[in-house]
**Q** 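Dropping a structure here in structure tokens format, bear with me for questions.
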Amino acid sequence: MIKSIHTRHNDIFLGMLRRSREAQRLRQADLAIRLGRGQATISKVERGERRLDVIELRAWLHALEIDFADFMSELNHRLEGMPIPDAMFRARRTTRIRQGDRS
């Protein structure tokens, strides 16, 4: 599976995380305290330098008092109609392989 760290999809996800924090008027340091992490971790996640797994995301959203299912529903809504990055990668790779077979 292709990593999605440098995609428009991830930009949307990270923007939602940052705006969720800012909507509560929390600084990165405030969220870090709630999560028991350092402010640098919050910054790295929001900049896309560090990824969250689903369990970490759940804790992150809980610290922001945001329902996990609601957040995921909103993310899904914002991503609707956008091609899935892994599918785009496979389509390009398959095309290249097929073109190579014809040579």
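Heavy-atom basis, side chains included; hydrogens, waters and symmetry copies ignored.
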**Q** Closest heavy-atom contact between Leu64 and Leu17?
**A** CD1-O, 4.4 Å

**Q** Ignoring hydrogens, what is the shortest heavy-atom contact between Val45 and Leu14? Give both atom names and the distance.
**A** O-CD2, 3.2 Å

**Q** How far apart are the closest heavy atoms of Leu35 and Ala59, and which atoms are they?
**A** CD2-O, 3.6 Å

**Q** Sub-3.5 Å donor-acceptor pair from the side chain of Glu74 to the main-chain atoms of Phe71, do we have one?
**A** no

**Q** Can you tell me how far the CH2 atom of Trp60 sits from the OG1 atom of Thr41, to the nearest 0.5 Å?
**A** 8.0 Å

**Q** For Leu79 and Phe13, what are the C-alpha separation, side-chain angles and deciding distance, and is it a side-chain contact (heavy atoms from CB on, under 4.5 Å)?
**A** CA-CA 9 Å; Leu79 298 179; Phe13 169 68; over 6 Å; no

**Q** Could you report the tightest heavy-atom contact between Met82 and Arg78, atom names first, then the distance?
**A** SD-O, 4.0 Å

**Q** Nearest 0.5 Å please: distance from the CG atom of Leu75 over to the CD atom of Glu80.
**A** 10.5 Å

**Q** With clusters defined by side-chain heavy atoms of hydrophobic residues (ILVMFWY) lying less than 4.5 Å apart, directly or transitively, does Ile42 cluster with Ile66?
**A** yes

**Q** Would you say Ser20's side chain and Met16's backbone share a donor-acceptor pair under 3.5 angstrom?
**A** yes

**Q** Roughly how far apart are Arg50 CZ and Glu56 CD, rounded to 0.5 Å?
**A** 4.0 Å

**Q** Once rounded to the nearest 0.5 Å, what's the spacing between atom CD of Gln28 and atom CZ of Arg18?
**A** 9.5 Å

**Q** Return the minimal non-hydrogen interatomic distance between Arg25 and Asp30, and the atom names on each side.
**A** O-OD2, 4.4 Å

**Q** Verify whether one side chain among Gln24 and Glu65 offers a donor that lies under 3.5 Å from an acceptor in the other.
**A** no

**Q** To check you understand the geometry: which heavy-atom pair defines the closest contact between Gln39 and Ala32, and what is its length?
**A** N-CB, 3.6 Å

